[in-house]
Each structure stands twice: as structure tokens, then as C-alpha cells.
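Below is one structure, written out as C-alpha cells; the observations come after it.
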Amino acid sequence: MDWKTLYKSKLTTAEEAVTHIKSGNRVVVGHACGEPSLVIDAMVKNAAQYRDVEIVHMVAMGKGEYCKPEYAENFRHNSLFLGGSTRKAIEEGRGDFTPVYFCEIPGLFRTSMHPNVALVQVSPPDAHGYCSLGVSVDYTKSAVECADLVIAEVNTQMPYIMGDCFVHVSDLDFIVEADDPLIELKPPVIGDVEKAIGENCASLIKDGDTLQLGIGAIPDAVLLFLKDKKDLGIHSEMFSDGVVELVEAGVVTNKRKTLNPGKSVVTFLMGTRRLYDFVDKNPSVCMMPVDYVNDPYVIRQNDNLISINSCVQVDLQGQVVSTSIGKREISGVGGQMDFVRGANMSRGGKSIMAMPSTAAKGKVSKITALIDEGASVTTSRHDVGYVVTEYGIAQLRGKTLRDRARALIAIAHPNFRASLAEEFERRFHTAL
Ligand code: COA
């Protein structure tokens, strides 16, 4: 059967498609802004027909209604990264959290975490019947490859992005057509503290470096201070609108990359329509699965790879906590360790952990003598590279515990330096 006839034979409504999900199924949802909203809404409406459907999702940017208490019998969320719409369900015991490196999720789907159903969103097919997974390729592509049943929302507003990011119409079981705006991530508010951190991070970046940027105000603030750099490259888990400006200004050219020159390599995208229009049919953007982009051995093939991520707390040894506040889980490791490891192994690479010096309106120092009870270490003291706050840069690699503690106290908020100095003196039997 030619692909056009096949496509027509698979067309259905969201309401009909979700009746094929069965109680007890493991359902993997397309990641982040690639979430298929129409199909998810229909699945939630059909909740009464299910018991114990496991919803596996990472960064959930949609409504997350399957986490509501009234659906506790119908859905159980298994989160690979907690976010605003899902955190409460885990805190209240209606959901679970599975710690996993982002680059290893496709491997889990191929082995111990077999998906029964994949709910994904794709672009309309091209002339050969291939749909692009668009803004979310990451684990979404492997979910399509592994699932017993694939329900795809074919959205005319999903950009057709290039790379290893295509699924063929024959790979899909049910097709639901849509013409709906994608989920967007609005640009963050960048305050003076973030600007100071951004400027400090930017001072560690040279012409020709290749960048990985995390999500949020700090990575966006770094971009503000890169306008005078030349020939930067992108090999990043994700990027947002800020990178578009740097490409248009001729700052990001990818010309000096040692792996995939000429291409911004990325596994998912979160931003506004401006970003989604920029990446549409743009041959300079290459979307690849996360087990390629985030594989530390792939990352390391980029010389001068600079990774910039954020965290919750750093203790005086340089142990970095990024996913919990004490016992309270707040996010997930995502690609932090993938890129810290890759950057550490890259020739000329640097891994940067950037954070404001305080939290809770200045009441809490993020540089602490000890990490909070119950917190989990995300980036170990053996892996940490640079820590940056609005007060400066602490380079920790190759430094003794004593010298690390000195460097960290020097970039702590001034209100907390005296108490940290007392701890230093107790621990190292020397004056600061
Ligand atoms: N003690 C108490 N509260 C703290 C705290 C600390 N040491 N550090 C942060 N917080 C609070 C903040 O006050 C804020 O509270 P609020 O929501 O009530 O305002 C909340 O925790 C989130 O902190 P914030 O600094 O605003 O978070 P962020 O949006 O900049 O995200 C991380 C920071 C660390 C949570 C995020 O970067 C992350 O999840 N990282 C791990 C994953 C990763 O790096 N992935 C790779 C790139 S995508």
C-alpha cells in the first residue's frame, strides 16, 4: 500500500484512538513541548475506562491533569523529571520518581521499561511519508520504535526539523490530525543577579567554543554577554529563543566545531513560535536522539565544549545538589551529568555550575558547609569543574579540599562568608 493510502487508513479521532489504551499499560508521553495535547486531553477524559495506567514522562510542560487526585485509581505518574504540574502528585504519594540519566532513557525503553503505548506529536509527512518528530526527539523517537502501539498527533504547526528525527507513516498505528499551537516556553525574566552570573560565565567562553546550555534565566543571561564572540557552536541537550538571536547576529556559526561542523546539534527545543519558525526546514539545525546528543563519549568529541547548568546547593567539598531541596525532590538529573562528564573529557572543555549565591529571598546560602539532610548529590566532587555565582568564579578541578573550600567561600554571599569561614577553620585547622 502506498504511504498516502496507509496514512488515510490510520486516520481517527483522539477520542477513538485513546480507547486502544488498556488498563495496566505503560504509556510514554512525547517529551516537553512535543507533548500531544489533544490526545492527552482525550485520554484524561476517558479516565473512567482505565485502571493503573502508568504515565511515563520527563519534563511535563502540559497540564498534567492525569496527576490530579481524582484520577489516582486511573493513572499513576512515573516521572523521570519533576516539574510544576507533576511534583505535587509525587509528594503526595500518587506518583513515583525514577532517577535516570537522560542519555540512558532510550536504553531503558529497549530493556526493562518497555512502553506499551507511545503518545507523540509529529509534523505532517513529507513527500516520502516521513514525519519529523520536530521539537522533541530525545527519548520520544525510541518510544515510537519500542512501543507496541503508537498514537501520533500530526500537527500542521509542528516544525519539520532535520536530523535523525523521522518516523514513517507505517510506524504509526493511529493518526490524529491537528492544527494547534505548540506548547511554548516564554523567555524568563532576567534580573541583575542573573546578569552578573551570566557575565561571569561568559568570561569563561572563548571564540570557537561549543556550548551546552540548560533551561532558564541563567543560561539565557549568559547568551546576553556573548554578542562579541565569534564562531561559537552548539551541541546541547536543548536550546531556546536566545540562541536564535546569536545565530542571526552571526555569533553562532558552528564553523569551528570538531564534530558535526556547520550544525547546531540538539535533542529537544523549548521556546516561542519564533524558535519553532527558525528551526523549520533549517539545514543548520540537526535534531538527534538523546542517546546520541547526551552520550558523554559523543559530547567529548567536541573540543572546547562548555557546559552550563544550574543547581540548588554546593557544599564546601564541591558536591553539587541539583534535584532536591533536602528530602524534597524538585526536578531530575536530566542531562546535567551527561554534559558534565562530556565537558570534562573534551579537549579544552569546561563544565560550569552556575547559581545565585542565595535562595529564599536571600535567607539561605546556596554554598553550605554540608548538604542538607536527605539531599542527593547530582554532580560529585570528583566531577565538578567551575562553580559560578554573581560574586565570581571558583575553579575546583585539581584543587585540594582546603583550596576548594577557600574558592567557594570567596564567591558565597558576603552575609554568609563569616559562618562558612568558621566551618573552614574547624575543618582544616587553619585560618581562612
Ligand atoms: N535552599 C532552599 N531553597 C532553594 C535552594 C536552596 N539551596 N535553591 C533553590 N531553592 C528554591 C528556590 O528558592 C526556588 O523556590 P521558589 O520556586 O519557591 O521560588 C526553587 O527552589 C527553584 O530554584 P530556582 O533557582 O528558581 O530554580 P531554577 O528554575 O533556576 O532551576 C534547578 C534550578 C537546579 C532546579 C534546575 O536547573 C535543575 O533542575 N537542574 C538539574 C537538571 C539539569 O541541570 N539539566 C541539564 C540541563 S536542561
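Both counts, for ligands and for their atoms, begin at 1 and track the order of listing.
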Amino acids contacting ligand 1, non-hydrogen cut-off under 4.0 Å: Phe81, Gln212, Gly214, Ile215, Glu237, Asn309, Ser310, Cys311, Val312, Ser322, Ile325, Ile330, Ser331, Gly332, Val333, Gly335, Gln336, Ala359, Ala360, Val364, Lys366

I need the Asn294 CG to Tyr101 OH distance, nearest 0.5 Å. 12.5 Å

Does any part of the side chain of Met43, heavy atoms only, come nearer than 4.5 Å to the side chain of Ile55, both counted from C-beta? yes

Taking all heavy atoms of Gly30 and all of Pro36, pick out the closest pair and write down the distance. N-CD, 4.3 Å

With rounding to the nearest 0.5 Å, note down the distance linking CZ in Phe81 to CD1 in Ile105. 10.5 Å

How about CG on Asp179, more than 12 heavy atoms from neighbouring residues, nucleotides or ligands closer than 6.0 Å, or not? yes

Taking the six-membered ring of Phe428, is NZ or CZ of Arg406 closer than 6.0 Å to its centre and within 45° of its axis? no

